[in-house]
Structures are given as C-alpha cells and as structure tokens.
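For reference, the structure discussed in these notes is given below.
So that the names make sense, note that chain A is the first sequence line, chain B the second, and so on, each numbered from 1.
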Amino acid sequence: MSSIETPRPIRGTQDIFGADAEAFAHVVETFERVRKLYRFRRIEMPVFEKTEVFSRSLGETTDVVSKEMYSFEDRGGESLTLRPEFTAGIARAYLTDGWQQYAPLKVATHGPLFRYERPQKGRYRQFHQLDAEIIGAAEPQADVELLAMADQLLKELGIADGVTLQLNTLGDGDSREGWRAALVSYFRAHRHQLSEDSQDRLERNPLRILDSKDPRDKPFVADAPEIDDYLSGEAQDYFGKVCEGLQAAGVAWTRAPALVRGLDYYRHTAFEFVTDRLGAQGTVLGGGRYDGLIETLGGAHTPAVGWAAGIERLAMLVGGASEDVADCIVVVEEDALMQEGIRSVGLLRNGGLSAELLSSGSPRKRFDKAVKQQPRAILALSSQEGEVSSRFHGSDDDEGLIRAILSGNA
RNA sequence: GCGAUUGUAGCUCAGUUGGUUAGAGCGCCGGUUUGUGGUACCGGAGGUCGGGGGUUCGAGACCCCUCAAUCGCCCCA
C-alpha cells in the first residue's frame with residue numbers, strides 16, 4: 001500500500017461518465033445540428049481573457065466581479081480570468097478580429113465556463129454551456145430567430161413539454177431607467193417590511209427584488225410597478241414585433257413581467273426557458289438583447305442579442321441516454337487463440353461494426369461476461385482438434401454479415 | 001460567505017441502549033458446476049468506519065474541531 005495521498009478533485013468540478021456523458025454528448029450533437037439549420041456559424045473561443053473583458057461590462061454588480069470570477073495573474077502581472085460567460089469574449093472578438101465586416105453575424109459555440117460559486121444541484125464551478133449570438137442586428141426579427149432556434153433545440157431534445165418560455169421586455173435605456181426609479185421609490189416606501197436581503201438589494205440591485213424567494217417580499221412584489229407603464233412608444237413597438245414574430249414562428253411563450261437581468265447592459269427582450277424539474281436551478285436556457293455591451297468594450301454602439309443554455313441541466317432533463325451495446329463481442333476462450341481474436345476485432349471494426357475483445361480473466365467465464373453485456377452478437381473462439389472453431393450467438397443476419405467481414409467477403 | 005443533512009469495502013447500504021476479531025448484496029479475482037451457455041455453489045482480495053482531539057475499563061456509535069459531499073440561501077453573466 002502506498003502512503004501517497006490521492007489528490008481530490010476541485011470543488012465544483014465534475015467527472016462525467018457513462019450514461020451521463022452520453023446525454024451530455026447528445027445535447028451537444030443536437031445543438032450542432034440545429035444551429036446549422038438556422039445557419040449560425042461555428043466559432044471557437046479562448047477559455048480565458050484579460051479580466052477587464054468581463055469586469056468592464058458588468059456594471060454595478062460588484063459581487064460578481066469580486067467574488068464569482070476565477071481571476072489570477074500571469075507571469076507578467078496581468079490579471080486574467082477564466083471565462084464566466086461567452087458573450088463578453090465574443091463581443092471582444094467582434095471588435096478585435098474585424099468581425100464587424102460580417103454583420104449581422106450569427107455565431108454559435110459551446111464549452112466550459114467557470115464561476116466561483118458554491119456547488120448545488122445543476123450548478124458547478126466548471127460547467128458547460130451552449131451559446132448563440134446575433135451581433136449587429138437591431139431588428140426584432142433577430143430576437144425571434146434566436147428564440148425559434150432555442151425552441152426547436154428543446155423540442156428536438158424532447159424536453160419542450162416540461163419547459164416554458166418566459167418572456168419580458170426591459171425596454172430601451174430610458175424606459176428601463178424610468179421603471180427602475182419607480183421600483184426604487186415604491187420599495188423604499190415599504191422598506192422596513194421587506195426581507196433583510198431585499199433591503200440590501202434595494203441599494204445594490206433593486207430589480208432583483210422582483211424575483212426574491214422570501215415570502216415576506218411576495219405581496220409587495222405582486223403590487224410593484226410594471227415595466228409596461230414605463231415603456232416608450234418605440235420600446236412598446238419593438239416588443240410587439242417580437243411577440244408577433246414568435247406567434248408566426250409557432251413559438252409558445254408566457255409573459256413574465258418580473259423577469260429581469262442582473263446586468264446593466266441588457267435592453268428590450270429578456271427571456272428564460274424554465275422548468276420546475278431541477279430544484280432551485282430552474283432556468284435551462286436564458287438570454288436577451290444586450291445593445292449596451294459592445295460600447296462598454298470600446299466599440300461603436302452595436303445591437304446584439306444572444307442566449308446560453310446549461311448543458312448539464314439539459315442533459316439532466318434528457319435523462320437516461322444509454323451507452324450503445326457492442327455490435328459484436330469476440331470471446332477468446334483459449335489464450336492460444338489471442339492473435340486470432342485480435343485479428344477478428346480489427347476486421348470487424350474496419351468493416352464498420354463496433355467490436356470488443358474479451359480475453360482476460362478465467363477463460364471459462366469469458367463467455368458469460370460477454371453475455372452479460374447483451375451485445376447484438378457474440379463470436380466465441382475455441383479450438384477443435386487443432387483447428388480454430390468459432391461459435392456464433394446472435395441473429396442469422398448478423399452472423400452472415402460478421403462471417404463475411406471476417407472472411408474478407410464483405 | 002451562511003444554513004440543513006450526510007460521510008462504514010470499488011458501488012449501494014446494514015451495524016441494536018457504547019461491549020469480543022466490522023458485515024451483506026453487487027462488482028472484481030480464482031475454483032467447481034453447466035456446455036449454444038445471462039445457471040448454481042465454494043473460496044479470495046479489498047476497510048487505519050472521512051481526518052484530528054475528547055469522554056469511557058471499552059467508541060463505527062456519544063461530545064468538540066476539521067475536511068468533504070449533497071441540497072438550499074446569497075449571487076446568477
């Protein structure tokens with residue numbers, strides 16, 4: 001026995017295996033397929049950026065910057081951050097790589113993201129998202145297109161039934177500020193009846209009081225001012241066109257007047273696809289229009305809209321994706337036939353069949369091990385009077401195919 | 001950062017009011033049985049009972065600390 005202590009995995013990371021890994025892959029493969037249907041172009045992005053890429057855009061929510069990001073200094077003393085989201089990095093690339101020339105640009109990507117949070121159901125420190133963005137498109141049709149793709153993705157994953165699209169508008173900049181001011185003065189008037197958390201939020205991030213989980217806040221939230229009363233004519237018109245477009249696209253949704261975004265750069269459309277099947281982490285896909293973001297990175301005013309979806313959460317909803325059984329397991333029942341076994345699986349794999357060689361452990365138990373795996377077919381190699389003899393277990397069709405491949409007649 | 005719950009074999013879990021040498025099933029390894037066959041039986045490996053301290057004649061069990069996991073709060077780009 002070794003006295004070396006095994007290193008533990010890092011909190012909030014996950015090692016995904018077997019059926020879970022198959023479900024994960026299924027989500028990604030479905031996304032790739034659907035994204036091509038909607039003609040979103042594939043991009044690959046770095047997993048880390050200069051810290052300012054993320055910190056500049058985050059606005060007033062200092063918690064996020066100081067506590068939730070994985071930041072570190074490189075050898076030159078530069079502060080770098082593991083990406084906590086895709087959008088800011090993509091916006092940076094849009095500016096630094098000259099992608100303006102492709103505007104309006106539809107892009108999609110997926111991969112790991114990092115947030116320094118306490119792990120719980122459906123929340124990890126390294127997690128994985130699908131992401132889709134349309135940059136340089138100011139028209140409501142862009143929002144519709146993006147939502148239609150999200151809707152089709154969930155349908156093709158077979159989880160649309162348990163998931164509803166909640167839709168809201170935050171209006172343009174002026175509408176948003178008017179609403180916000182009204183909310184602040186409304187909640188201030190009831191300040192001492194609010195929960196401690198919400199009294200705190202009143203100073204830091206008042207919009208967030210709207211989705212407080214504390215029962216003490218609920219009655220006040222119910223009577224709070226609604227965005228609709230503060231929308232400019234243009235903002236109203238914009239949201240109307242998004243709703244009409246969704247109707248035309250056949251996307252079902254419900255209005256969620258209290259749905260907000262935590263960050264300042266969001267304008268107009270905000271949305272979340274939500275389920276009640278994942279405990280406290282019900283949002284499965286979320287996004288909105290972020291017309292203000294690219295300016296915070298030093299670019300020209302550039303309208304854009306996007307969403308991201310948690311792959312783990314989608315995979316949990318998809319559930320029971322099973323690993324494929326082998327097309328054929330080759331059982332070497334005598335060690336003397338090892339080379340024949342190796343040759344056989346090689347031929348089968350070259351012939352396009354998934355094949356596994358079973359040649360270890362007690363020879364007389366190998367066949368039973370193969371049976372337990374429930375493959376489509378089993379080929380058992382043994383010898384009879386010095387000749388290699390193979391016994392087949394499976395359908396007649398498979399036997400014909402497999403014997404043809406092994407004899408070079410496929 | 002805060003709270004609740006849980007830590008016993010590779011996995012799922014038993015383990016009585018504190019009492020000899022800590023168990024089962026599955027999995028793994030080996031043997032026997034069967035021999036177109038997911039059988040049955042026998043045996044084996046594998047545990048400092050998450051870690052540290054304390055109470056006690058005696059702790060897997062009780063107390064304290066610590067670490068980890070799970071779920072929730074905060075936050076949510």
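- With sequence neighbours excluded, the residues satisfying salt bridge (Lys or Arg N to Asp or Glu O under 4.0 Å) with A:R191 are A:E203.
- The nearest whole Å value for the distance from the CD atom in A:E68 to the C1' atom in B:C73 is 13 Å.
- A:R261 is linked by a side-chain hydrogen bond (donor to acceptor under 3.5 Å, both in side chains) to A:E272, counting only residues two or more places apart in sequence or in another chain.
- Atom CZ in A:R391 sits roughly 15 Å away from atom P in B:U34 (whole-Å rounding).
- A:E333 and A:R391 are not joined by a salt bridge, as no carboxylate oxygen comes within less than 4.0 angstrom of a charged side-chain nitrogen.
- OP1 and OP2 of B:G30 both lie 4.0 Å or more from every side-chain N or O belonging to A:R364.
- Within 4.0 Å of A:R366, counting heavy atoms only, lies no atom of the nucleic acid at all.
- Only the C1' atoms considered, B:U66 is 16 Å distant from B:U6, to the nearest whole Å.
- Rounded to an integer number of Å, the gap from A:F114 CZ to B:C75 P is 25 Å.
- In this model, a side-chain donor or acceptor of A:Q374 finds a partner on the base of B:G38 within 3.5 Å.
- The phosphate of B:C73 has OP1 or OP2 within less than 4.0 Å of a side-chain N or O from A:Q120.
- Of the charged side-chain nitrogens involved, at least one lies within less than 4.0 Å of a carboxylate oxygen, so that A:R255 and A:D228 count as a salt-bridged pair.
- Comparing A:R208 and A:Y124 along RNA chain B, the residue whose closest nucleotide (by nearest heavy atom) sits nearer the 5' end is A:Y124.
- Close to B:G31, at under 4.0 Å from its OP1 or OP2, lies a side-chain N or O of A:S362.
- Across the P atoms, B:C41 and B:A24 are found 15 Å apart, a figure rounded to whole Å.
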Could you list, one pair per line, each protein nitrogen or oxygen that sits under 3.5 Å from a nitrogen or oxygen of nucleotides 2-6 of chain B, together with the distance?
residue, atom, partner, partner atom, Å
B:C2, N4, A:R118, NE, 3.1

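- In this structure, NZ of A:K213 is placed 8 Å from C1' of B:G72, rounded to the nearest angstrom.
- Using P as the reference atom, B:U16 and B:G23 are 14 Å apart when rounded to the nearest Å.
- Rounding to whole angstrom units, NZ of residue A:K121 and P of B:C76 are separated by 23 Å.
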Would you tabulate the pairs of protein nitrogen or oxygen atoms and nucleotide nitrogen or oxygen atoms of nucleotides 39-44 of chain B closer than 3.5 angstrom?
none

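- A salt bridge does not link A:K241 to A:E139: none of the charged nitrogens lies less than 4.0 Å from a carboxylate oxygen.
- No donor-acceptor pair closer than 3.5 Å links the side chain of A:S212 to the backbone N or O of A:I209.
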Side-chain donor-acceptor pairs under 3.5 Å in residues 301-310 of chain A, sequence neighbours left out?
residue, atom, partner, partner atom, Å
A:H301, ND1, A:E295, OE1, 2.9
A:T302, OG1, A:A300, O, 2.7
A:W307, NE1, A:L146, O, 3.0

Pairing string of RNA chain B (Watson-Crick or G-U wobble, both atom distances under 3.5 Å; | = paired to other strand) is (((((((..((((.....[...)))).(((((.......))))).....(((((..]....))))))))))))....

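- For B:C76, one of the phosphate oxygens OP1 or OP2 lies less than 4.0 angstrom from a side-chain nitrogen or oxygen of A:N205.
- Look at CG on A:L113: it is 9 Å from C1' on B:A77, rounded to the nearest Å.
- Between the C1' atom of B:G72 and the CD atom of A:E117 lies a distance of 14 Å, rounded to the nearest Å.
- Within the 4.0 angstrom heavy-atom criterion, only backbone atoms of the sugar-phosphate kind lie near A:R11; the bases stay farther away.
- The 5' end of RNA chain B is approached more closely, in terms of each residue's nearest nucleotide, by A:D214 than by the other of A:D214 and A:Y266.
- One C1' atom belongs to B:U8, the other to B:A14, and the distance between them is 10 Å to the nearest Å.
- For the pair A:E333 CD and B:U34 P, the computed distance is 16 Å after rounding to whole Å.
- In summary, the side chains of A:H268 and A:R176 do not present any donor paired with an acceptor at a separation below 3.5 Å, with no hydrogens or angles considered.
- For the 3.5 Å distance criterion, the side chains of A:R201 and A:S195 fail to qualify, holding no donor opposite an acceptor.
- An OP1 or OP2 oxygen of B:G72 is reached within less than 4.0 angstrom by no side-chain nitrogen or oxygen of A:R123.
- Here A:D151 pairs with A:K155 in a salt bridge; the nearest charged N to carboxylate O distance falls below 4.0 Å.
- Between A:D172 and A:R267, none of the side-chain N atoms (NZ, or NE/NH1/NH2) sits under 4.0 Å from a carboxylate O, so this pair counts as no salt bridge.
- Although no hydrogens or angles enter the test, the distance criterion places a donor-acceptor pair under 3.5 Å between the side chain of A:N168 and the main chain of A:P257.
- For A:R115, the listed nucleotide lying nearest its side chain is B:A77; candidates were B:C29, B:A77, B:G72.
- Contact annotation for A:G286: no contact, since no heavy-atom pair falls under 4.0 Å across all strands.
- Between the side chains of A:E133 and A:Y94, no donor-acceptor pair of N or O atoms lies under 3.5 Å.
- Counting any heavy atom pair closer than 4.0 Å across all strands shown, A:F54 reaches no nucleic acid atom.
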